[in-house]
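As structure tokens, the structure follows; a few thoughts come after it.
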Amino acid sequence: MNMNMNKKKARPYIYSWDEVPLFVDIPFCSKLLGICCETIRQKCANGKIRALKTDAGWRISKETLMEFYEKGGVI
């Protein structure tokens with residue numbers, strides 16, 4: 001069995017807000033912000049991060065991420 005089949009492709013670095021999709025999932029948000037997935041999930045669930053709950057999980061808007069940076073990284 002080929003061991004490389006189970007590895008996911010690494011997402012490229014983001015260099016501009018123009019490269020961020022309108023909505024991102026928790027793993028993408030985690031890598032972008034440098035915060036663990038579980039912390040982001042908890043903050044979404046208790047309303048500290050504005051997010052949409054879908055069948056596929058939480059989705060966080062680009063606007064919310066930009067506000068995070070404008071506030072100096074405080075959620």
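For reference, positions follow the sequence shown, starting with 1. Scope of the values below: all heavy atoms of this structure, side chains included, with no hydrogens, waters or symmetry mates.
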- Item | Hphob cluster co-occupancy, Ile60 + Phe23, side-chain heavy atoms under 4.5 angstrom |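 No, separate clusters.
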Spatial distance of atom [atom1] ([X]) from atom [atom2] ([Y]) [nearest 0.5 Å]:
X     : Y     : atom1 : atom2 : answer
Cys29 : Ile40 : SG    : CD1   : 4.0 Å
Cys44 : Arg59 : SG    : CZ    : 10.5 Å
Glu67 : Lys62 : CD    : NZ    : 13.5 Å
Ile49 : Trp58 : CD1   : CH2   : 10.0 Å
Ile26 : Leu33 : CD1   : CG    : 11.5 Å

- Message: For a quick test of reading the model, state the closest non-hydrogen atom pair linking Leu65 to Val24 and the distance between them.
- Response: CD1-CG2, 3.7 Å
- Task: Heavy atoms only: give me the nearest Pro27-Cys37 pair and the separation to one decimal.
- Result: CA-SG, 3.9 Å
Identify every side-chain donor-acceptor pair in residues 14-21 under 3.5 Å, counting partners at least two apart or on other chains, and give the distances.
| unit_1 | atom_1 | unit_2 | atom_2 | d |
| --- | --- | --- | --- | --- |
| Ser16 | OG | Asp18 | N | 3.1 |

- Item | Thr64: side chain to side chain donor-acceptor pair (under 3.5 Å) partners, not counting sequence neighbours | Arg50, Ser61
- Considering residues at least two apart in sequence or located in another chain, which fulfil the side chain to side chain donor-acceptor pair (under 3.5 Å) criterion with Arg41? Glu38
